[in-house]
Number of protein chains: 2
Amino acid sequence: MDSSQLLKGVLDLAVLAVLKERDGYGYDVVRRLREAGLDEVGDASVYGTLRRLFKAGALTSYVVASDEGPHRKYYGLNDVGRQMYATSAKTWGSFSATMAALLKEERS
Amino acid sequence: MDSSQLLKGVLDLAVLAVLKERDGYGYDVVRRLREAGLDEVGDASVYGTLRRLFKAGALTSYVVASDEGPHRKYYGLNDVGRQMYATSAKTWGSFSATMAALLKEERS
DNA sequence: TGCCACTACCGCGCTTTGCACAGTAGTGTG
DNA sequence: CACACTACTGTGCAAAGCGCGGTAGTGGCA
């Protein structure tokens, strides 16, 4: 099945969630999301989301050199990002609860 | 917050869910979805979804005259639609579980 | 009679967003 | 030196939900 459409509007939240745990760079965020179960997420989607969130003022950004590869652009949550995470998580919670209730009506 | 993006890819499932309970026409499906909690769903989205699902062969369709207004175009699930509902519900279930797990990691 | 509200449907065009694809680099391995 | 892995970027596309406007049918009300 193609669950890519399900990510719409939720990838932001997912990225915020992993960054809330600890700062991370793009390639790392992709890995963490896939390990978390979102294995179909595209790398370009994550990079795009990070740039979008940064542009929206929700993330801090700093570049760190690496011994084993190219530089890494780290991202982390700031206050705006934490606020965004809180409200998004809440919205998602009520939305998924609504959907769960809708799907549970198995009285046919 | 704008939860419209959350509907992406899930509106199909929501529409299938209400039609699984019983047949319905567009305007009625909109009302039922809103009563279920998806109060921000646009009517054009539902009509579009119904047409799309019908075109995909998941729905039956029949027009019924009404005493109190315009005609009503009823839609109902066929075998394809029921199959689609089953797999979509399953996909949604695992996806939302993944998201729940991701959000629950409150160990900062 | 004229106006409005509610019901019911459709089409156009816009925006967001995830993604495929391609490209650029740095590092290490055979 | 080719290749794999790491790491980031840009372009352009397609799907989907929605705002808006339009078309009708019915009925109420002054």
Side-chain angles (χ1 to χ4, degrees), chain A residues 1-16 23-34 38-56 58-59 61-75 84 88 91-92 95 99, chain B residues 1-16 23-35 38-56 58-59 61-75 88 91-92 95 99:
Chain A
M1 280 304 95
D2 187 19
S3 67
S4 74
Q5 288 300 317
L6 297 180
L7 277 176
K8 294 271 175 176
V10 188
L11 186 54
D12 284 26
L13 176 56
V15 167
L16 289 172
D23 288 7
Y25 52 99
Y27 201 80
D28 174 53
V29 172
V30 171
R31 265 189 309 223
R32 284 205 263 161
L33 287 176
R34 290 191 175 149
L38 302 176
D39 45 335
E40 294 188 42
V41 68
D43 62 330
S45 308
V46 175
Y47 284 115
T49 298
L50 286 169
R51 274 174 279 181
R52 191 153 36 79
L53 287 175
F54 178 71
K55 201 175 175 184
L59 301 180
S61 176
Y62 50 97
V63 174
V64 176
S66 170
D67 306 0
E68 40 192 40
H71 69 283
R72 295 167 171 171
K73 191 181 281 183
Y74 275 79
Y75 292 97
M84 190 181 293
S88 292
T91 302
W92 166 257
F95 177 79
M99 283 302 297
Chain B
M1 278 304 95
D2 187 18
S3 67
S4 73
Q5 289 299 320
L6 297 180
L7 278 175
K8 295 272 176 175
V10 187
L11 186 54
D12 284 27
L13 176 56
V15 167
L16 289 172
D23 288 9
Y25 53 98
Y27 201 79
D28 174 53
V29 172
V30 172
R31 265 190 311 222
R32 284 205 261 161
L33 287 175
R34 289 191 176 148
E35 281 167 16
L38 303 175
D39 45 335
E40 293 188 42
V41 67
D43 61 330
S45 308
V46 175
Y47 285 115
T49 299
L50 287 170
R51 274 179 300 223
R52 191 153 36 77
L53 288 175
F54 177 72
K55 202 174 172 185
L59 302 181
S61 176
Y62 49 97
V63 174
V64 176
S66 169
D67 305 1
E68 40 193 41
H71 67 282
R72 294 167 173 171
K73 190 181 283 183
Y74 275 80
Y75 292 96
S88 292
T91 303
W92 166 256
F95 177 79
M99 283 302 297

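In what follows, every chain begins at residue 1, and chains take the letters A, B, ... in the order their sequences are listed. Keep in mind that what you see is a predicted model, and the values were worked out from it rather than measured.
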Practice task
Starting from C1' on dA22(C), measure out to CG on Asp43(A) and report it in whole angstrom.
Solution key: 12 Å
Problem - Thr49(A) side chain, from C-beta outward: closest of dC9(C), dG11(C), dG18(C) - result: dG18(C)
Handout entry: Side-chain touch Leu7(A)/Glu40(A), heavy atoms, less than 4.5 angstrom
Key = no
Practice task
Name the nucleic acid region contacted by Val41(B), choosing base, sugar-phosphate or nothing; use a 4.0 angstrom heavy-atom cut-off, strictly under.
Solution key: sugar-phosphate
Practice task
In whole angstrom, give the distance that lies between atom CZ of Arg34(B) and atom P of dC6(C).
Solution key: 14 Å
Handout entry: Which nucleotide in dT6(D), dT9(D), dC9(C) has an atom nearest any side-chain atom of Tyr47(A)
Key = dT9(D)
Practice task
Would you mind classifying the nucleic acid contact of Gly48(A) as base, sugar-phosphate or nothing, using non-hydrogen atoms under 4.0 angstrom?
Solution key: nothing
Fill in the blank from the handout: Walking DNA chain C from its 5' end, the first of Gly69(A) and Ala44(A) to be reached, judged by nearest nucleotide, is Ala44(A)
Practice task
Please determine, for the side chain of Leu7(B), which listed nucleotide (dG17(D), dC8(D), dT6(D)) has the closest atom?
Solution key: dG17(D)
Fill in the blank from the handout: Rounded to whole Å, the CG-C1' distance (Leu6(B) to dT17(C)) equals 13 Å
Fill in the blank from the handout: Picking from dC9(C), dA7(D), dC19(C), the nucleotide nearest the side-chain atoms of Tyr25(A) would be dA7(D)
Exercise for the section: Return the value, rounded to whole Å, for the distance between atom CZ of Phe54(A) and atom P of dT9(D). Expected result: 10 Å
Completion exercise
Output for pair (Ser45(A) OG, Leu38(A) CG), nearest 0.5 Å, gives 11.0 Å
Practice task
Starting from P on dA16(D), measure out to NZ on Lys55(B) and report it in whole angstrom.
Solution key: 12 Å
Handout entry: Whole-Å distance separating the OH atom of Tyr27(A) from the P atom of dT24(C)
Key = 19 Å
Handout entry: pair Met99(B)-Leu13(A): side-chain heavy atoms closer than 4.5 Å
Key = yes
Practice task
Provide, to the nearest angstrom, the distance between the CD atom belonging to Glu40(B) and the P atom belonging to dG19(D).
Solution key: 9 Å
Practice task
Would you please confirm or rule out a distance under 4.0 Å between OP1 or OP2 of dC9(C) and any side-chain N or O of Arg51(B)?
Solution key: no
Handout entry: Candidate nucleotides dG17(D), dA7(D), dC8(D), ranked by approach to the side chain of Arg52(B) - the nearest
Key = dG17(D)
Exercise for the section: Could you check which of dT16(C), dC19(C), dC10(C) has an atom nearest any side-chain atom of Lys73(B)? Expected result: dC10(C)
Practice task
Measure from the side-chain heavy atoms of Arg72(A) and tell me the nearest of dC9(C), dG11(C), dC8(D).
Solution key: dC8(D)
Exercise for the section: Fit a plane to each ring of Tyr62(A) and Tyr74(A), take the angle between them on a 0 to 90° scale, and name the class: parallel (under 30°), tilted (30 to 60°) or perpendicular (over 60°). Expected result: parallel
Exercise for the section: Compare all side-chain heavy atoms of Arg72(B) with those of Asp28(B) and state whether any distance is below 4.5 angstrom. Expected result: no
Problem - Nearest-nucleotide pick for Lys8(A), side chain only, options being dT17(C), dT7(C), dC8(D) - result: dT17(C)
Exercise for the section: Compare all side-chain heavy atoms of Val29(A) with those of Tyr47(A) and state whether any distance is below 4.5 angstrom. Expected result: no
Practice task
Give one of base, sugar-phosphate or nothing for Asp28(B), where a contact means two heavy atoms less than 4.0 Å apart.
Solution key: nothing
Practice task
Calculate the interatomic distance between Asp12(B) atom CG and dA16(D) atom P; express it in whole Å.
Solution key: 7 Å
Exercise for the section: Choose from dG17(D), dC9(C), dT6(D) the nucleotide whose nearest atom is closest to any side-chain atom of Ser45(B). Expected result: dG17(D)
Handout entry: Arg31(B), nearest nucleotide to its side chain (from dA25(C), dT7(C), dG10(D))
Key = dT7(C)
